[in-house]
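For reference, the structure discussed in these notes is given below.
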Amino acid sequence: MAATDFIVAIELGSTKITGIVGKKNPDGSIRILAYAKEHLSDCIKKGTIYNLDKTTQCINSVIKRLENIVQAPIKKVYIGIGGQSIHSIHNKVTKRLTGEMKISQALIDSMLESNQEMPLADSEILATELQGYKLGNNQFIKEPVGIQTDHIEGHYLNIVARNSLKSNIQQCLYQTGYEIAGYILSPLATANVILKDNEKRSGCALIDFGAETTTVSVYKNNILRHLAVIPLGSNNITKDICSLQIEEDDAEALKVRYANALTEPTEEDYDISKEYCIDGKCKIDANELERIVEARVKEIIENIWNQIKLSEYSDKLLAGIIITGGTIHLPNLSKAISNITQIEKIRIAQAGEFELQDAPDDLSDGTNNTLLGILNSGKENCCKLNPHGQQSNMWDDFDKQKANDEKQKEQKRMHDCEALIVEAQQLTDNKKYEDAQKKAEEALNMHIAEKENILNELISKIKKLKTEEKEKQIQQERIRNCDKLTAEAQRLLERKKYKEARNKAEEARSMHIPEKEKELNELIAEIEKQKTDNNPFKRLIKTLKESADDIMKD
C-alpha cells in the first residue's frame with residue numbers, strides 16, 4: 001500500500017544528489033521509506049550550481065526513483081542550502097532611548113528588522129542567530145523584554161550567501177514541476193542531528209568534511225557563534241594523487257584503501273621500496289602517497305583551525321571538536337587534528353542523535369548526516385493529495401494541467417521572467433551592468449505583478465552600481481592624471497626647471513585628491529627650496545648678509 005504521509009529531503013552535493021523519504025514517529029525516531037542518489041559530473045562545484053539543465057535532470061531522476069519506491073506521487077521537497085558562499089557576519093544594532101524605559105517586544109522586533117536591512121553586496125541573509133543584548137550597564141543578556149534601560153545593543157550573527165544560490169535552486173525545481181516545501185540551511189541541519197545539547201552548551205566546533213568543501217560551525221552556550229565553509233575537501237586529496245599521472249578512479253581507490261591522515265614511521269616498518277597498487281593497474285610509492293595525503297590533510301586542518309580561532313572561542317571549547325562526513329574514515333584523522341589544534345577531545349560522529357528505522361547501510365557511514373538533518377527539519381507532508389485528502393494520480397493531474405493552455409502560458413511567462421531575473425543577477429555579479437539592466441527591464445516589461453517589486457529593486461540596484469562604477473573609474477582616471485603630473489613635475493625638478501615643475505605640481509594639487517595632497521605639498525616645498533638654493537643672486541645676498549653679521553659681531 002502506498003504511503004500518503006511523509007517528508008521528502010534533497011541534498012545537492014558536489015559529487016552526488018541524494019534524496020530521502022521518511023516518516024516521523026511519535027517517539028522521535030524516523031522511519032526511512034525510500035533513499036536514492038544520482039552521481040554528478042560538473043553540475044555542482046563547491047555547493048554552487050553551474051549547469052542548471054544537468055542539475056535539473058539529476059534532481060528529477062532522484063525524485064522519480066523515490067516516487068517509484070514509495071508508490072506515491074511527490075508534490076514538494078525540502079532542499080538543503082550549503083556551499084562555499086555561505087558564511088557568517090556579525091552585526092550590531094543600537095537603540096538609544098529617551099531616559100529609562102522598559103524594553104518592549106515591539107522594540108526587540110524592530111531591532112531584528114533593522115538587522116535584516118544590513119547592507120550586503122550581491123548577498124542575502126539566509127538566517128540570523130541572536131547572540132544577545134547588551135544593556136546600558138553593559139549587562140549581557142538574551143531576554144531583555146521588561147527590563148528598564150536607556151540604551152540597548154543587539155548582537156546578531158547573520159548567515160549569508162550569494163543571491164544566485166537560492167535562485168538557481170528555485171529555477172531547477174521549477175523546471176522539474178515539483179514545489180519547494182522549504183529551504184533548510186545544511187550546516188544548521190547537520191548540527192541539529194549531530195551535536196548533543198551539552199556539547200552546544202559547553203562549547204564545541206563541528207567539522208563536516210565534504211567532497212569539495214569543509215564546513216566549520218562553532219557553538220557556545222547553545223548559540224551558533226561562527227560559521228564558515230572552506231573550499232577544500234576530500235576530492236583535493238584525490239586530485240593531488242592524480243597529479244602523479246594516475247586515473248581519477250584509481251586515485252580515489254588508492255586514497256580509500258591506503259591513505260592515512262598521519263603516519264608516524266618507525267625504524268622497523270620503514271621501507272623505501274614499499275609500493276601500493278590497485279588491481280595491478282597502477283602503483284605508487286608508499287612514502288610518496290603518505291607525503292601527498294598528509295600535506296593536503298594538514299592544509300585543510302590548518303584552515304579549519306584558523307576559522308575556529310577567528311570565532312574567538314578557540315580556548316572555550318570545553319566539549320572539543322566533533323567531526324562528521326566521509327573523511328572521518330581516514331585513519332588517524334583525529335590525531336592529525338589534535339596535533340595542529342592541541343585539542344585532545346575529539347568525537348567522531350558517524351550517526352545522528354535520533355533513531356532510524358529501516359535505514360539502508362548508506363545512511364550510517366557518516367556521509368549522509370546532512371541529508372538526515374534536512375529530513376529531520378521538515379514539517380509538512382510532501383505527498384501529493386487530491387482535494388479530498390486522498391492520494392491523487394499524478395498522471396491524471398499532469399494531463400489536466402497540460403489541457404489548461406492558459407495556465408501553461410502563464411507558467412511559461414513566469415518561468416521566462418524568473419530566468420531573466422536570474423540572468424540579470426548573474427550579469428550584475430559579473431559587473432556587466434548595461435546587459436543586466438536590459439535583461440531586468442525586459443523582465444519588467446512582461447508585467448508580472450508579483451515580480452514588479454523585485455525587478456524595480458534590482459533595476460535601482462543596477463543603476464546605483466553603474467553610477468558607483470562610473471564614479472570609481474572617473475576617480476581612478478583623476479588619480480592617474482595626478483600621478484602623471486606629479487611624475488612630470490619631479491622630472492622637471494631634476495632638470496632644474498623650477499617654474500615649469502611648480503606649475504605642474506600646482507596643477508596636480510588643484511585636482512584636490514586628498515591622498516595626494518601631502519605628497520604634492522612636500523614636492524612644492526622641495527621645488528621652492530631647490531629654487532632658492534640654486535639662485536646665484538640670492539646666494540650672493542645670503543653670503544653678504546652672513547659676512548655683515550660676522551663684521552657686526554667683531
Side-chain angles (χ1 to χ4, degrees), residues 48-50 52 83-94 110-126 128 156 158-171 413-414 416-488 504 506-520:
T48 301
I49 297 174
Y50 280 85
L52 295 175
Q84 182 181 353
S85 74
I86 290 182
H87 61 284
S88 61
I89 299 177
H90 286 274
N91 189 34
K92 289 191 296 186
V93 176
T94 302
S110 71
M111 292 177 68
L112 180 59
E113 290 176 4
S114 297
N115 171 70
Q116 298 297 316
E117 295 170 358
M118 176 184 182
L120 294 168
D122 305 323
S123 298
E124 64 176 317
I125 297 175
L126 301 178
T128 298
Y156 306 92
N158 293 321
I159 302 171
V160 305
R162 293 183 68 86
N163 293 325
S164 58
L165 187 63
K166 281 174 67 173
S167 62
N168 285 349
I169 295 173
Q170 183 180 7
Q171 189 171 346
R413 286 180 68 247
M414 178 66 77
D416 292 343
C417 181
E418 289 174 344
L420 286 168
I421 292 172
V422 170
E423 192 173 354
Q425 289 171 333
Q426 290 173 342
L427 288 166
T428 303
D429 292 342
N430 294 326
K431 298 183 178 181
K432 297 181 178 179
Y433 302 123
E434 291 292 343
D435 294 337
Q437 185 172 340
K438 289 178 182 177
K439 294 294 181 182
E441 288 174 348
E442 183 181 346
L444 186 64
N445 290 334
M446 296 176 75
H447 303 294
I448 298 177
E450 53 263 49
K451 297 295 180 182
E452 284 187 1
N453 287 340
I454 295 174
L455 285 163
N456 284 327
E457 289 175 2
L458 179 59
I459 291 169
S460 297
K461 176 185 174 182
I462 293 169
K463 288 180 178 178
K464 182 181 177 183
L465 290 171
K466 278 172 61 178
T467 301
E468 290 174 352
E469 183 69 18
K470 187 174 182 180
E471 289 175 351
K472 182 180 177 182
Q473 291 173 355
I474 291 171
Q475 182 65 6
Q476 288 174 343
E477 182 63 26
R478 290 178 69 245
I479 292 173
R480 282 195 294 269
N481 291 335
C482 182
D483 288 340
K484 288 179 182 179
L485 288 168
T486 303
E488 193 172 348
K504 293 295 181 182
E506 289 287 1
E507 185 180 350
R509 188 164 64 174
S510 67
M511 298 176 75
H512 302 296
I513 298 174
E515 57 265 39
K516 298 292 181 181
E517 283 188 5
K518 183 180 178 182
E519 177 187 351
L520 288 165

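The structure presented is a predicted model; accordingly, all values stated were derived computationally and were not measured. Counting from 1, the numbers follow the sequence of the chain as shown.
Side-chain polar atoms of Thr128 and Gln116 form a donor-acceptor pair below 3.5 angstrom.
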> Going through the checks in order, is the side chain to side chain donor-acceptor pair (under 3.5 Å) test met by Glu477 and Gln473?
Replying inline: CA-CA 6 Å; Glu477 182 63 26; Gln473 291 173 355; over 6 Å; no

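Salt-bridge check for Glu469 with Lys466: failed, with every basic side-chain N at 4.0 Å or more from each acidic carboxylate O. Salt bridge annotation for Lys461-Asp122: present, with a cationic side-chain nitrogen under 4.0 angstrom from a carboxylate oxygen.
With Lys439 as the fixed residue, the side chain to side chain contact (heavy atoms under 4.5 Å, CB included) test singles out one of Ile421, Val422, Leu427: Leu427. No option in Glu457, Glu418, Glu442 other than Glu418 meets the salt bridge (charged side-chain N to carboxylate O under 4.0 Å, His left out) test with Lys451.
From Tyr433, atom OH reaches atom CG of Leu465 across 4.5 Å, with rounding to the nearest 0.5 Å.
Of all non-hydrogen atoms in Glu124 and Arg162, the two that sit nearest each other are OE2-O, 4.3 Å. When all heavy atoms of Ala440 and Leu458 are compared, the pair lying nearest together is CB-CD2, 4.2 Å. Val93 and Met111 get closest at one heavy-atom pair: O-CE, 3.2 Å. In terms of heavy-atom proximity, Leu52 sits nearest to Ile49 at CD2-CG2, 3.6 Å.
Side chain of Arg413 to backbone of Met446: a donor-acceptor contact under 3.5 angstrom is found.
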